[in-house]
Amino acid sequence: MLTALVSIILGLATAFAGEQPAATQAPITVTDIAGRQVTVNGPVKRILLGEGRQLYLIASLEADDPLARVVAWRNDLIEADPATYQQYLDAYPKLAELPAFAGKENGLIDIESTIVRKPDVVLLNLEAMRANEDAKYIEKLAELNIPVLYIDFRHYPLKNTEPTIRLLGKIMGREARAEEIIAFRREAMARVTDVIAQAKPELPRVFIERIGGYADDCCLSFGAENFGKYVELAGGHNIGSDILPSTFGQLNPEQVIASNPEHVVVTSADWEAYVPGGHWIPLGPGVDARVTRQRLEWFTTRSAYTDIAAQKTRNFHGIWHQFYNSPYEFFAVQQLAKWFHPDLFTDLDPDATFAEYHRRFLPIPYRPGYAVSLSGSAD
(Lines give C-alpha, C1' and ligand atoms only; values in the text may rest on other atoms or scores of the structure.)
Protein backbone atom coordinates (compact mmCIF):
# COMPACT_ATOMS: atom_id res chain seq x y z
CA MET A 1 0.00 0.00 0.00
CA LEU A 2 2.81 2.41 0.96
CA THR A 3 4.77 1.55 -2.17
CA ALA A 4 1.79 2.22 -4.39
CA LEU A 5 1.06 5.52 -2.68
CA VAL A 6 4.67 6.61 -2.97
CA SER A 7 4.67 5.73 -6.67
CA ILE A 8 1.59 7.89 -7.26
CA ILE A 9 3.10 10.83 -5.39
CA LEU A 10 6.39 10.39 -7.21
CA GLY A 11 4.56 10.66 -10.49
CA LEU A 12 2.66 13.77 -9.47
CA ALA A 13 5.78 15.43 -8.05
CA THR A 14 7.75 14.67 -11.20
CA ALA A 15 5.05 16.22 -13.36
CA PHE A 16 5.28 19.48 -11.43
CA ALA A 17 9.02 19.46 -10.78
CA GLY A 18 9.52 22.40 -13.09
CA GLU A 19 7.53 24.72 -10.84
CA GLN A 20 10.52 25.40 -8.56
CA PRO A 21 12.70 28.17 -10.01
CA ALA A 22 16.40 27.58 -9.46
CA ALA A 23 17.98 30.43 -11.40
CA THR A 24 20.02 31.63 -8.43
CA GLN A 25 20.99 28.14 -7.26
CA ALA A 26 23.94 26.00 -8.25
CA PRO A 27 25.00 22.47 -7.31
CA ILE A 28 27.36 22.27 -4.35
CA THR A 29 28.79 19.11 -2.80
CA VAL A 30 29.06 18.88 0.97
CA THR A 31 29.94 16.18 3.49
CA ASP A 32 27.33 15.54 6.16
CA ILE A 33 27.90 14.33 9.72
CA ALA A 34 27.57 10.71 8.63
CA GLY A 35 30.49 11.26 6.24
CA ARG A 36 28.30 11.08 3.14
CA GLN A 37 29.11 13.32 0.19
CA VAL A 38 25.86 14.89 -0.97
CA THR A 39 25.13 17.37 -3.74
CA VAL A 40 22.47 20.01 -3.16
CA ASN A 41 21.30 23.04 -5.08
CA GLY A 42 22.46 25.95 -2.99
CA PRO A 43 21.68 28.21 -1.43
CA VAL A 44 18.81 25.94 -0.49
CA LYS A 45 15.41 27.61 -0.56
CA ARG A 46 13.17 24.81 0.72
CA ILE A 47 14.20 22.85 3.82
CA LEU A 48 12.29 20.04 5.50
CA LEU A 49 13.20 19.61 9.17
CA GLY A 50 13.27 15.97 10.21
CA GLU A 51 13.17 17.27 13.78
CA GLY A 52 11.42 20.48 14.77
CA ARG A 53 14.14 21.40 17.25
CA GLN A 54 16.47 21.90 14.31
CA LEU A 55 14.81 25.32 14.23
CA TYR A 56 17.18 26.34 17.05
CA LEU A 57 20.01 26.49 14.51
CA ILE A 58 17.97 27.48 11.45
CA ALA A 59 16.72 30.54 13.35
CA SER A 60 20.27 31.39 14.45
CA LEU A 61 21.44 31.39 10.84
CA GLU A 62 18.34 33.09 9.40
CA ALA A 63 17.17 35.41 12.16
CA ASP A 64 15.37 37.91 9.89
CA ASP A 65 12.81 35.27 8.92
CA PRO A 66 13.56 31.80 10.34
CA LEU A 67 10.57 30.31 8.51
CA ALA A 68 11.48 31.67 5.07
CA ARG A 69 13.05 28.40 3.94
CA VAL A 70 11.21 25.83 6.08
CA VAL A 71 8.48 23.97 4.18
CA ALA A 72 7.58 21.34 6.82
CA TRP A 73 8.79 19.97 10.13
CA ARG A 74 8.32 17.25 12.68
CA ASN A 75 6.03 18.27 15.52
CA ASP A 76 8.47 17.63 18.40
CA LEU A 77 9.22 21.30 19.11
CA ILE A 78 5.50 21.93 19.59
CA GLU A 79 5.24 19.08 22.11
CA ALA A 80 8.68 18.95 23.73
CA ASP A 81 9.37 22.68 24.01
CA PRO A 82 5.99 24.45 24.07
CA ALA A 83 7.31 27.68 25.60
CA THR A 84 9.84 28.22 22.82
CA TYR A 85 7.25 27.25 20.24
CA GLN A 86 4.93 29.89 21.67
CA GLN A 87 7.66 32.52 21.43
CA TYR A 88 8.15 31.80 17.74
CA LEU A 89 4.41 31.59 17.17
CA ASP A 90 3.92 35.01 18.75
CA ALA A 91 6.64 36.48 16.54
CA TYR A 92 5.64 34.56 13.39
CA PRO A 93 1.91 33.66 13.44
CA LYS A 94 2.28 31.81 10.12
CA LEU A 95 4.15 29.13 12.05
CA ALA A 96 0.75 27.68 12.93
CA GLU A 97 0.22 26.95 9.23
CA LEU A 98 3.54 25.16 8.73
CA PRO A 99 2.85 21.50 7.82
CA ALA A 100 3.89 19.25 10.70
CA PHE A 101 4.21 15.47 10.87
CA ALA A 102 4.59 13.09 13.78
CA GLY A 103 7.54 10.81 14.34
CA LYS A 104 10.33 9.77 16.67
CA GLU A 105 13.93 10.90 17.04
CA ASN A 106 15.31 7.66 15.60
CA GLY A 107 12.33 6.83 13.39
CA LEU A 108 11.25 7.20 9.80
CA ILE A 109 10.41 10.49 8.18
CA ASP A 110 6.98 11.06 6.66
CA ILE A 111 7.96 10.34 3.08
CA GLU A 112 4.62 11.35 1.56
CA SER A 113 4.77 14.78 3.17
CA THR A 114 8.37 15.09 2.10
CA ILE A 115 7.70 14.33 -1.55
CA VAL A 116 4.69 16.64 -1.77
CA ARG A 117 6.67 19.57 -0.30
CA LYS A 118 9.51 19.14 -2.82
CA PRO A 119 12.29 20.39 -0.52
CA ASP A 120 15.77 21.23 -1.74
CA VAL A 121 17.10 19.25 1.23
CA VAL A 122 15.87 17.10 4.11
CA LEU A 123 17.69 17.42 7.45
CA LEU A 124 17.72 14.29 9.59
CA ASN A 125 19.32 13.56 12.93
CA LEU A 126 22.15 11.05 12.90
CA GLU A 127 20.23 8.50 14.97
CA ALA A 128 17.53 8.28 12.29
CA MET A 129 19.98 6.99 9.69
CA ARG A 130 19.49 3.28 10.35
CA ALA A 131 15.69 3.36 10.13
CA ASN A 132 15.62 5.44 6.96
CA GLU A 133 18.31 3.35 5.28
CA ASP A 134 16.47 0.11 6.12
CA ALA A 135 13.30 1.51 4.55
CA LYS A 136 15.29 2.80 1.55
CA TYR A 137 13.68 6.21 1.96
CA ILE A 138 16.92 7.91 0.93
CA GLU A 139 16.83 6.10 -2.41
CA LYS A 140 13.18 6.93 -2.93
CA LEU A 141 13.86 10.61 -2.37
CA ALA A 142 16.93 10.46 -4.60
CA GLU A 143 14.63 9.51 -7.49
CA LEU A 144 13.24 13.04 -7.22
CA ASN A 145 16.60 14.67 -6.60
CA ILE A 146 15.68 15.37 -2.98
CA PRO A 147 18.95 15.05 -1.02
CA VAL A 148 19.17 14.10 2.66
CA LEU A 149 21.78 15.45 5.07
CA TYR A 150 22.48 13.99 8.50
CA ILE A 151 23.32 16.36 11.35
CA ASP A 152 23.99 15.81 15.06
CA PHE A 153 23.63 17.77 18.28
CA ARG A 154 22.77 14.76 20.43
CA HIS A 155 25.18 11.82 20.33
CA TYR A 156 28.52 13.62 20.05
CA PRO A 157 27.63 17.31 20.45
CA LEU A 158 31.13 18.55 21.30
CA LYS A 159 32.44 16.85 18.16
CA ASN A 160 29.55 17.38 15.74
CA THR A 161 27.88 20.68 16.61
CA GLU A 162 30.46 22.91 14.91
CA PRO A 163 30.51 20.80 11.71
CA THR A 164 26.71 20.87 11.74
CA ILE A 165 26.67 24.67 12.02
CA ARG A 166 29.18 24.94 9.17
CA LEU A 167 27.23 22.47 7.04
CA LEU A 168 23.98 24.40 7.35
CA GLY A 169 25.79 27.70 6.93
CA LYS A 170 27.22 26.45 3.63
CA ILE A 171 24.00 25.11 2.13
CA MET A 172 22.07 28.22 3.24
CA GLY A 173 24.67 30.69 2.01
CA ARG A 174 25.24 31.85 5.58
CA GLU A 175 28.86 30.81 6.02
CA ALA A 176 30.02 34.04 7.68
CA ARG A 177 27.10 33.90 10.08
CA ALA A 178 27.96 30.29 10.92
CA GLU A 179 31.51 31.28 11.82
CA GLU A 180 30.22 34.06 14.08
CA ILE A 181 28.05 31.53 15.94
CA ILE A 182 30.97 29.13 16.29
CA ALA A 183 33.24 31.89 17.61
CA PHE A 184 30.62 32.93 20.17
CA ARG A 185 30.20 29.35 21.39
CA ARG A 186 33.95 28.80 21.67
CA GLU A 187 34.46 31.96 23.70
CA ALA A 188 31.55 31.08 26.00
CA MET A 189 32.94 27.60 26.62
CA ALA A 190 36.49 28.89 27.12
CA ARG A 191 35.27 31.10 29.96
CA VAL A 192 34.79 27.85 31.84
CA THR A 193 37.41 25.47 30.45
CA ASP A 194 40.30 27.95 30.73
CA VAL A 195 39.52 28.56 34.42
CA ILE A 196 39.21 24.84 35.16
CA ALA A 197 42.47 24.10 33.35
CA GLN A 198 44.34 26.73 35.34
CA ALA A 199 42.77 26.15 38.77
CA LYS A 200 42.69 22.33 38.56
CA PRO A 201 40.00 22.08 41.26
CA GLU A 202 38.90 18.86 42.93
CA LEU A 203 36.17 17.32 40.81
CA PRO A 204 32.88 16.75 42.64
CA ARG A 205 30.99 13.53 41.94
CA VAL A 206 27.92 14.29 39.82
CA PHE A 207 24.91 12.21 38.90
CA ILE A 208 22.74 13.39 36.03
CA GLU A 209 19.16 12.19 36.04
CA ARG A 210 18.15 12.28 32.39
CA ILE A 211 14.59 13.28 31.37
CA GLY A 212 13.53 13.63 34.99
CA GLY A 213 9.76 13.21 35.33
CA TYR A 214 9.29 11.86 31.80
CA ALA A 215 9.21 8.29 33.08
CA ASP A 216 8.98 6.63 36.48
CA ASP A 217 12.10 4.55 35.78
CA CYS A 218 15.25 5.19 37.75
CA CYS A 219 17.89 6.02 36.98
CA LEU A 220 18.29 7.15 33.36
CA SER A 221 21.54 9.02 32.80
CA PHE A 222 24.35 9.92 30.41
CA GLY A 223 27.65 8.18 29.78
CA ALA A 224 30.80 10.05 28.77
CA GLU A 225 29.08 12.10 26.05
CA ASN A 226 26.45 14.84 25.87
CA PHE A 227 25.64 16.04 29.41
CA GLY A 228 28.27 13.63 30.69
CA LYS A 229 30.84 15.58 28.70
CA TYR A 230 29.36 18.91 29.82
CA VAL A 231 29.94 17.85 33.44
CA GLU A 232 33.58 17.07 32.68
CA LEU A 233 34.15 20.43 30.95
CA ALA A 234 32.53 22.19 33.91
CA GLY A 235 34.93 20.62 36.38
CA GLY A 236 32.89 17.68 37.63
CA HIS A 237 33.16 13.89 37.57
CA ASN A 238 30.18 12.27 35.85
CA ILE A 239 29.28 9.03 37.63
CA GLY A 240 27.61 7.67 34.51
CA SER A 241 30.90 7.82 32.61
CA ASP A 242 32.28 5.11 34.92
CA ILE A 243 29.42 2.72 34.23
CA LEU A 244 27.66 3.41 30.94
CA PRO A 245 29.38 2.36 27.69
CA SER A 246 27.45 4.76 25.45
CA THR A 247 25.90 8.23 25.43
CA PHE A 248 22.62 7.12 27.00
CA GLY A 249 21.91 4.44 29.58
CA GLN A 250 20.47 3.54 32.95
CA LEU A 251 21.89 2.94 36.42
CA ASN A 252 20.08 1.15 39.19
CA PRO A 253 19.38 3.02 42.45
CA GLU A 254 21.94 0.96 44.35
CA GLN A 255 24.68 2.09 41.95
CA VAL A 256 23.73 5.72 42.48
CA ILE A 257 23.72 5.39 46.26
CA ALA A 258 27.06 3.57 46.25
CA SER A 259 28.57 6.32 44.08
CA ASN A 260 27.43 8.92 46.64
CA PRO A 261 27.14 11.93 44.27
CA GLU A 262 27.84 15.36 45.70
CA HIS A 263 25.57 16.96 43.08
CA VAL A 264 22.43 15.70 41.36
CA VAL A 265 21.49 17.44 38.11
CA VAL A 266 18.03 16.72 36.70
CA THR A 267 17.45 17.42 33.02
CA SER A 268 13.79 18.16 32.47
CA ALA A 269 11.26 20.30 30.61
CA ASP A 270 7.54 20.96 30.15
CA TRP A 271 6.29 17.56 29.00
CA GLU A 272 2.59 18.03 29.58
CA ALA A 273 1.98 16.80 26.01
CA TYR A 274 3.68 13.49 26.80
CA VAL A 275 3.16 12.92 30.54
CA PRO A 276 0.17 14.96 31.77
CA GLY A 277 0.59 15.80 35.44
CA GLY A 278 4.00 14.09 35.66
CA HIS A 279 6.88 15.01 37.96
CA TRP A 280 8.76 16.83 35.20
CA ILE A 281 10.11 20.32 35.88
CA PRO A 282 8.72 22.88 33.38
CA LEU A 283 12.07 24.50 32.65
CA GLY A 284 12.28 26.80 29.66
CA PRO A 285 11.88 30.43 28.64
CA GLY A 286 9.81 32.56 30.99
CA VAL A 287 8.98 29.95 33.61
CA ASP A 288 8.47 31.05 37.23
CA ALA A 289 11.49 30.01 39.33
CA ARG A 290 9.24 29.38 42.32
CA VAL A 291 7.38 26.74 40.34
CA THR A 292 10.50 24.99 39.10
CA ARG A 293 12.10 25.01 42.53
CA GLN A 294 9.00 23.44 44.04
CA ARG A 295 8.98 20.74 41.36
CA LEU A 296 12.69 20.08 41.88
CA GLU A 297 12.06 19.40 45.58
CA TRP A 298 10.26 16.18 44.70
CA PHE A 299 13.45 14.67 43.30
CA THR A 300 15.18 14.89 46.68
CA THR A 301 12.71 12.27 47.94
CA ARG A 302 13.62 9.59 45.39
CA SER A 303 14.91 6.39 46.99
CA ALA A 304 18.01 6.45 44.76
CA TYR A 305 19.18 9.55 46.62
CA THR A 306 18.70 8.32 50.17
CA ASP A 307 21.47 9.68 52.41
CA ILE A 308 23.76 10.65 49.53
CA ALA A 309 26.04 13.67 49.94
CA ALA A 310 23.92 15.83 47.63
CA GLN A 311 20.83 15.23 49.73
CA LYS A 312 22.60 16.42 52.86
CA THR A 313 23.87 19.63 51.23
CA ARG A 314 20.79 20.16 49.02
CA ASN A 315 22.97 20.27 45.94
CA PHE A 316 20.08 19.37 43.65
CA HIS A 317 19.80 21.25 40.37
CA GLY A 318 17.44 21.28 37.42
CA ILE A 319 18.40 22.24 33.87
CA TRP A 320 16.54 22.48 30.57
CA HIS A 321 16.67 19.09 28.88
CA GLN A 322 16.91 20.58 25.37
CA PHE A 323 20.53 21.58 25.98
CA TYR A 324 21.24 17.96 25.08
CA ASN A 325 20.02 18.56 21.52
CA SER A 326 20.75 22.11 20.46
CA PRO A 327 23.63 24.46 19.63
CA TYR A 328 23.16 26.09 23.04
CA GLU A 329 25.17 23.70 25.24
CA PHE A 330 27.52 26.54 26.23
CA PHE A 331 24.83 27.70 28.67
CA ALA A 332 24.71 24.27 30.28
CA VAL A 333 28.49 24.15 30.69
CA GLN A 334 28.55 27.61 32.26
CA GLN A 335 25.65 26.82 34.60
CA LEU A 336 27.13 23.50 35.71
CA ALA A 337 30.44 25.23 36.45
CA LYS A 338 28.62 27.81 38.62
CA TRP A 339 27.03 25.01 40.63
CA PHE A 340 30.14 22.85 40.99
CA HIS A 341 32.66 25.65 41.65
CA PRO A 342 30.84 28.79 42.81
CA ASP A 343 34.02 30.36 44.18
CA LEU A 344 35.80 30.07 40.83
CA PHE A 345 32.95 31.54 38.80
CA THR A 346 31.56 34.40 40.85
CA ASP A 347 31.64 36.72 37.82
CA LEU A 348 30.19 34.23 35.33
CA ASP A 349 26.53 34.85 34.42
CA PRO A 350 25.08 32.10 32.18
CA ASP A 351 21.83 34.02 31.76
CA ALA A 352 23.72 37.07 30.51
CA THR A 353 25.64 34.85 28.07
CA PHE A 354 22.48 33.28 26.69
CA ALA A 355 20.76 36.68 26.53
CA GLU A 356 23.67 37.95 24.43
CA TYR A 357 23.33 34.98 22.09
CA HIS A 358 19.65 35.79 21.66
CA ARG A 359 20.44 39.45 21.00
CA ARG A 360 23.04 38.63 18.35
CA PHE A 361 21.63 35.56 16.67
CA LEU A 362 17.96 34.89 17.43
CA PRO A 363 14.73 36.68 16.46
CA ILE A 364 13.06 36.17 19.84
CA PRO A 365 13.84 37.90 23.16
CA TYR A 366 15.61 36.11 25.97
CA ARG A 367 13.50 34.99 28.90
CA PRO A 368 15.23 33.29 31.84
CA GLY A 369 13.99 30.01 33.25
CA TYR A 370 16.43 27.40 31.94
CA ALA A 371 17.94 26.36 35.28
CA VAL A 372 17.02 26.09 38.95
CA SER A 373 18.83 24.97 42.10
CA LEU A 374 18.14 24.12 45.72
CA SER A 375 21.71 24.95 46.77
CA GLY A 376 21.71 27.58 49.49
CA SER A 377 17.95 27.32 50.08
CA ALA A 378 16.43 26.41 53.40
CA ASP A 379 15.34 22.83 54.13
Side-chain angles (χ1 to χ4, degrees), residues 53 56-57 60 152-165 180-210 212 221-241 247-248 261-269 283-285 315-358 360-362 366 368-373 375:
R53 284 168 288 185
Y56 299 146
L57 179 53
S60 300
D152 179 42
F153 298 115
R154 183 182 285 113
H155 280 273
Y156 302 100
L158 274 300
K159 172 185 175 184
N160 290 337
T161 295
E162 285 191 8
T164 293
I165 295 170
E180 290 176 10
I181 294 169
I182 288 170
F184 182 96
R185 286 165 33 84
R186 286 184 176 180
E187 192 277 333
M189 300 281 264
R191 293 178 65 189
V192 171
T193 56
D194 287 355
V195 172
I196 295 297
Q198 182 175 2
K200 295 180 174 58
E202 184 176 348
L203 309 182
R205 299 180 303 279
V206 181
F207 178 71
I208 303 186
E209 179 168 341
R210 177 169 59 90
S221 194
F222 293 90
E225 261 298 341
N226 204 290
F227 260 96
K229 190 70 170 180
Y230 305 166
V231 166
E232 177 186 326
L233 293 174
H237 177 76
N238 176 43
I239 288 170
S241 299
T247 301
F248 308 107
E262 297 164 82
H263 292 264
V264 172
V265 178
V266 182
T267 74
S268 197
L283 293 157
N315 276 327
F316 275 72
H317 322 285
I319 196 163
W320 192 52
H321 181 66
Q322 310 309 335
F323 289 124
Y324 94 120
N325 184 35
S326 70
Y328 309 147
E329 70 269 25
F330 56 86
F331 177 98
V333 172
Q334 288 195 356
Q335 185 60 73
L336 292 171
K338 289 278 288 188
W339 288 332
F340 302 160
H341 303 288
D343 294 341
L344 289 179
F345 294 101
T346 55
D347 296 330
L348 186 63
D349 187 343
D351 276 304
T353 302
F354 207 10
E356 178 66 8
Y357 184 91
H358 277 68
R360 289 183 56 182
F361 300 112
L362 290 174
Y366 181 67
Y370 295 91
V372 65
S373 179
S375 293

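The residues of the chain are indexed from 1 along the displayed sequence. Atoms considered below: every heavy atom in the structure, side chains included; atoms not considered: hydrogens, waters and symmetry mates. These numbers come from a predicted model, not from an experiment.
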Measure across G212 and V266 and return the closest heavy-atom pair with its distance rounded to 0.1 Å.
CA-CG1, 3.8 Å

Nearest 0.5 Å, what's the OH-OG1 distance between Y156 and T161?
13.5 Å

Can you check whether L344 reaches P201 side chain to side chain, under 4.5 Å on heavy atoms?
yes

Do you know which two heavy atoms are closest between Q334 and A188, and how far apart they sit?
NE2-O, 3.0 Å

Salt bridge (charged side-chain N to carboxylate O under 4.0 Å, His left out) contacts touching residues 337-351 (sequence neighbours left out):
none

L283 to A371 - nearest heavy-atom pair and separation
CD2-N, 3.9 Å

Does any non-hydrogen side-chain atom of F340 lie less than 4.5 Å from one of I196?
no

Just verifying a value: how many Å separate K200 NZ and Q198 CD, rounded to the nearest 0.5 Å?
8.0 Å

Using the six-membered ring wherever Trp is involved, compare the ring planes of F345 and H341 and label them parallel, tilted or perpendicular (cut-offs 30° and 60°).
tilted

Donor-acceptor under 3.5 Å (S221 side chain, I208 main chain):
yes

Name all pairs fulfilling the salt bridge (charged side-chain N to carboxylate O under 4.0 Å, His left out) condition that reach into residues 182-196, sequence neighbours left out, sorted by first residue then second.
E162-R186, R185-E329

Side-chain heavy-atom pair Y328, Y370 within 4.5 angstrom cut-off
no

Could you pull out the closest heavy-atom pair between Y56 and L362, with the gap in Å?
O-CD2, 4.0 Å

So do the side chains of P261 and V206 get within less than 4.5 Å of each other, counting heavy atoms only?
no

Close side-chain approach of S373 and F316, heavy atoms under 4.5 Å:
no

CD1 of I319 to CD of E209, rounded to nearest 0.5 Å, is 14.5 Å

At what distance, to the nearest 0.5 angstrom, does CG of N160 lie from CD1 of I165?
11.0 Å

Got a donor-acceptor contact below 3.5 angstrom from the T247 side chain to the H155 backbone?
yes

Distance check, rounded to the nearest 0.5 Å: T164 atom OG1 versus I182 atom CD1?
9.5 Å

Can you confirm whether R210 sits close enough to F227 that some side-chain heavy atom of one is under 4.5 Å from a side-chain heavy atom of the other?
no

Is it the case that atom OH in Y366 sees more than 12 heavy atoms from other parts of the structure closer than 6.0 Å?
yes

Correct closest heavy-atom pair for F361 and E180 would be CZ-O, 3.7 Å

Can you name the nearest heavy-atom pair linking F153 to S326, along with the distance?
CB-N, 3.6 Å

Could you list the donor-acceptor pairs under 3.5 angstrom formed between side-chain atoms of residues 229-237 and any protein atom two or more places apart in sequence or on another chain?
from	atom 1	to	atom 2	distance (Å)
Y230	OH	F323	O	3.1
H237	NE2	D242	OD1	3.3
H237	NE2	D242	OD2	2.7

Give the intermediate values and the outcome of ring-ring contact (aromatic ring centres under 6.0 Å, His included) for residues Y357 and F331.
CA-CA 10 Å; Y357 184 91; F331 177 98; over 10 Å; no

Nearest 0.5 Å please: distance from the CD1 atom of I239 over to the CZ atom of R205.
7.0 Å

Side chain of N226, backbone of Y324: donor and acceptor closer than 3.5 Å?
yes

H321 and F222 aromatic ring geometry - parallel, tilted or perpendicular at 30°/60° bounds:
tilted

